Amino acid sequence: MQDDDTGYHIPVLLERSTELLVTNPSGIYVDGTLGGGGHSRLLLSRLGEQARVFAFDQDDDAVQRAREVFAGDNRMVIIPGNVVHLKSILLQNEIRAVDGILLDLGVSSHQIDTPERGFSFRFDGPLDMRMDLERTMNAADLIADSSEEELANIFFSYGEEHGSRRIARAITRARQEQPIRETGQLVDIISTVTSPAHRKKTLARIFQALRIAVNEELHVLEQVLTQATEVLKVGGRLVVISYHSLEDRIVKHFMRDEAKPCICPPRMPFCDCDKVPRITLLSSKHIEADEYEVRRNPRARSARLRGCEKIHT
Ligand SMILES: C[S@@+](CC[C@H](N)C(=O)[O-])C[C@H]1O[C@@H](n2cnc3c(N)ncnc32)[C@H](O)[C@@H]1O
């Protein structure tokens with residue numbers, strides 16, 4: 001089944017990612033970002049009775065729903081929490097190595113489309129943006145507690161927003177008048193310092209930046225990639241779907257660096273680094289959704305899939 005007919009989330013690059021991931025139908029797999037469970041569902045359909053899927057989500061809403069959707073399938077182990085704890089959680093479950101790990105990064109459509117979560121500039125709601133509601137700091141706290149310079153750095157580093165200083169200044173001025181706790185307030189403030197032609201893109205970049213900062217997404221991604229290569233079996237695969245250039249850059253560099261046979265400086269006449277590549281890339285370039293998928297699901301437009309196989313411990 002391709003569509004999530006409940007409207008929770010339409011999985012992106014579903015067939016392609018599952019095809020790349022499964023090497024052993026009775027193996028142990030990790031879905032690091034369970035969401036609406038579309039990828040896990042197809043994965044389970046390709047696996048036998050002996051297989052197991054450890055599926056993580058830090059969002060309690062996704063976990064509750066998945067518990068209902070996958071009730072009765074003993075192969076599915078749902079782990080509420082951040083996949084940054086991948087290695088230790090697997091060890092707690094006496095799993096030392098796995099056959100495949102999938103990371104379908106970012107937020108689900110359900111999270112974006114729920115106004116009370118504050119992820120979208122399209123709806124009025126609290127400036128929250130936490131995937132894990134146990135986190136102490138939400139987007140409103142971040143805006144209240146950061147200096148103008150810190151805000152500008154967040155907008156520039158995590159949103160690649162060139163007007164970051166101007167926007168940070170407008171925010172720090174506005175918060176002297178009243179606390180900024182609603183998405184609508186933030187939209188109004190940004191709108192006063194951006195031209196209508198660029199407004200939507202700027203709002204998307206600022207909301208992305210705040211979300212990344214609140215959930216420490218890039219820092220978590222770097223840690224998960226390292227742990228994933230450690231816990232994969234030789235012959236096991238890591239498949240990652242990312243949705244913006246910052247994520248994709250981290251995945252690309254990580255996989256390329258791990259796959260490099262030599263890290264000697266380019267001017268060295270001979271190799272003496274003794275590096276043994278731990279992985280090989282599954283494709284030289286990232287994989288994108290085709291036109292048909294993008295037409296059905298516009299969210300697939302920005303998706304980039306990269307995969308690698310472990311070849312050495
Ligand atoms: C893009 S959705 C995944 C969609 C899923 N593949 C499907 O088919 O429905 C991302 C999900 O991963 C969760 N998530 C994001 N980062 C996470 C992390 N570091 N640890 C655990 N869950 C995470 C989000 O809460 C969200 O539910």
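Scope of the values below: all heavy atoms of this structure, side chains included, with no hydrogens, waters or symmetry mates. Computed from a predicted model, the values in this text were never measured in an experiment.
Taking both residues in full, the closest heavy atoms of Ala55 and Met76 are given as CB-CE, 3.4 Å, listed atom of the first, atom of the second, then distance. Heavy atoms only, all atoms of each residue included: Val107 and His9 are closest at O-CE1, 4.3 Å. Of all the heavy atoms in Ile263 and Lys275, the pair that sits closest is CG2-CD, 3.6 Å. Among all heavy-atom pairs drawn from Ile154 and Ser146, the shortest one is CD1-OG, 4.5 Å. The nearest pair of heavy atoms linking Lys310 to Ile279 is CA-CG2, 4.1 Å. The shortest non-hydrogen separation linking Pro115 to Pro126 is O-CD, 3.9 Å.
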Practice problem: Please step through side-chain contact (heavy atoms from CB on, under 4.5 Å) for the pair Phe155 and Arg165, ending with a clear verdict. | Solution: CA-CA 8 Å; Phe155 300 153; Arg165 294 201 176 283; over 6 Å; no
Exercise. Go through the steps to decide whether Arg117 and Asp59 satisfy the test salt bridge (Lys or Arg N to Asp or Glu O under 4.0 Å), and finish with yes or no.
Key: CA-CA 11 Å; Arg117 304 299 297 270; Asp59 185 333; 2.9 Å; yes
Exercise. Show your reasoning for whether side-chain contact (heavy atoms from CB on, under 4.5 Å) applies to Tyr29 and Val98.
Key: CA-CA 6 Å; Tyr29 291 84; Val98 301; over 6 Å; no
Practice problem: Go through the steps to decide whether Phe156 and His162 satisfy the test ring-ring contact (aromatic ring centres under 6.0 Å, His included), and finish with yes or no. | Solution: CA-CA 6 Å; Phe156 188 71; His162 288 287; 5.8 Å; yes
Practice problem: In sequence, state the C-alpha distance, the side-chain angles, and the governing distance for Asp61 and Tyr8, and then conclude on side chain to side chain donor-acceptor pair (under 3.5 Å). | Solution: CA-CA 11 Å; Asp61 184 79; Tyr8 196 96; 2.9 Å; yes
Exercise. Starting from the C-alpha separation in whole Å, work towards a yes-or-no answer on side-chain contact (heavy atoms from CB on, under 4.5 Å) for Leu105 and Ile241.
Key: CA-CA 6 Å; Leu105 302 171; Ile241 306 170; over 6 Å; no
Quiz item: Given the rule in the side-chain contact (heavy atoms from CB on, under 4.5 Å) test, do Leu90 and Phe54 qualify, once you have shown the distances and angles that lead to the verdict?
Solution: CA-CA 8 Å; Leu90 288 175; Phe54 288 86; 4.1 Å; yes
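Although no hydrogens or angles enter the test, the distance criterion places a donor-acceptor pair under 3.5 Å between the side chain of Arg166 and the main chain of Val193. Remark: the backbone N or O of Gly184 is paired with a side-chain donor or acceptor of Asp124 at under 3.5 angstrom. Under the 3.5 Å distance criterion, the side-chain polar atoms of Gln185 are matched with a main-chain donor or acceptor of Pro179. Side-chain atoms of Gln227 come within 3.5 Å of backbone atoms of Val84 as a donor-acceptor pair (strictly under, hydrogens ignored).
Between Asp132 and Arg135 there is no salt bridge, since none of the side-chain N atoms of the basic residue sits less than 4.0 Å from a carboxylate O of the acidic one. A salt bridge links Asp141 with Arg181: the distance from a Lys NZ or Arg NE/NH1/NH2 to an Asp or Glu carboxylate oxygen falls below 4.0 Å. By the 4.0 Å N-to-carboxylate-O rule, Glu230 lies too far from Arg278 to be salt-bridged with it. Under 4.0 Å is where a charged nitrogen must lie from a carboxylate oxygen, and between Arg16 and Glu19 at least one such pair does.
Using cut-offs of 30° and 60° for the angle between ring planes, the Phe121 and Phe207 rings count as perpendicular.
Side chains of Asn24 and Asp99: a donor on one and an acceptor on the other come within 3.5 Å. Counted by atom type alone, Ser195 and His198 present one or more donor-acceptor pairs between their side chains at under 3.5 Å. Side chain to side chain, Glu160 and Ser245 meet the donor-acceptor criterion of an N or O pair below 3.5 Å. Remark: the His286 side chain and the Asp248 side chain contain no N/O donor-acceptor pair separated by less than 3.5 Å.
Taking the side chain as every heavy atom from C-beta outward, Gln111 and Ser120 never approach each other to under 4.5 Å. Under the 4.5 Å side-chain criterion, counting only non-hydrogen atoms from C-beta, Arg211 is not in contact with Ile206. Inter-residue side-chain proximity for Val53 and Arg75 is flagged as unmet; no heavy-atom pair is nearer than 4.5 Å. No side-chain heavy atom of Lys200 sits less than 4.5 Å from a side-chain heavy atom of Thr202. For the pair Ile212 and Leu218, the minimum side-chain heavy-atom distance is below 4.5 Å. Side-chain contact between Leu238 and Thr229: absent, with no pair of heavy atoms (C-beta onward) separated by less than 4.5 Å. Side-chain contact between Phe123 and Thr183 is absent, with no heavy atoms from C-beta onward closer than 4.5 Å. With a 4.5 Å cut-off on side-chain heavy atoms, Leu34 and Ser40 count as touching.
No continuous path of hydrophobic side-chain contacts links Leu281 to Leu20 [ILVMFWY only; heavy atoms under 4.5 Å]. Tracing side-chain contacts under 4.5 Å through hydrophobic residues (I, L, V, M, F, W, Y), one never reaches Val239 starting from Val231; they form parts of separate clusters. When hydrophobic clusters are built by joining Ile, Leu, Val, Met, Phe, Trp and Tyr residues whose side-chain heavy atoms come closer than 4.5 Å, directly or via intermediates, Met131 is grouped together with Ile250. Transitive grouping of hydrophobic side chains (ILVMFWY, heavy atoms separated by less than 4.5 Å) brings Ile28 and Val30 into a common cluster. A continuous path of ILVMFWY side-chain contacts below 4.5 Å connects Leu127 to Met137, so both sit in one hydrophobic cluster.
In Lys87, the NZ atom is not crowded: 12 or fewer heavy atoms of neighbouring residues, nucleotides or ligands sit closer than 6.0 Å. For Arg96, the CZ atom counts as loosely surrounded, since its 6.0 Å shell holds 12 or fewer non-hydrogen atoms of other residues, nucleotides or ligands. Heavy atoms of other residues, nucleotides or ligands lying less than 6.0 angstrom from CD of Gln92 number more than 12. Around CZ of Arg173, the count of heavy atoms belonging to other residues, nucleotides or ligands within 6.0 Å does not exceed 12. Counting non-hydrogen atoms of neighbouring residues, nucleotides and ligands closer than 6.0 angstrom, the CD atom of Glu148 exceeds 12 such neighbours.
Of the listed residues (Thr33, Val63, Asn82), just one forms a side-chain contact (heavy atoms from CB on, under 4.5 Å) with Gln58, and that residue is Asn82.
Rounding to the nearest 0.5 Å gives a distance of 6.0 Å between OG1 of Thr194 and CG of Leu203. Separating the CG atom in Leu102 from the CZ atom in Arg237 is a distance of 13.5 Å, to the nearest 0.5 Å. Atoms CG and CG, on Asp104 and Leu13 in that order, are 8.5 Å from each other to the nearest 0.5 Å. The CG atom of Asp31 sits 11.5 Å away from the CZ atom of Arg41 when rounded to the nearest 0.5 Å. Separation of atoms CZ (Arg130) and CG (Asp128) is listed at 4.0 Å; rounding is to 0.5 Å. For the atom pair CG (Leu210) and CE (Met129), the distance works out to 5.0 Å, reported to the nearest 0.5 Å.
At least one test fails for Arg304 against the ring of Tyr243: distance under 6.0 Å to the centre or angle within 45° of the axis.
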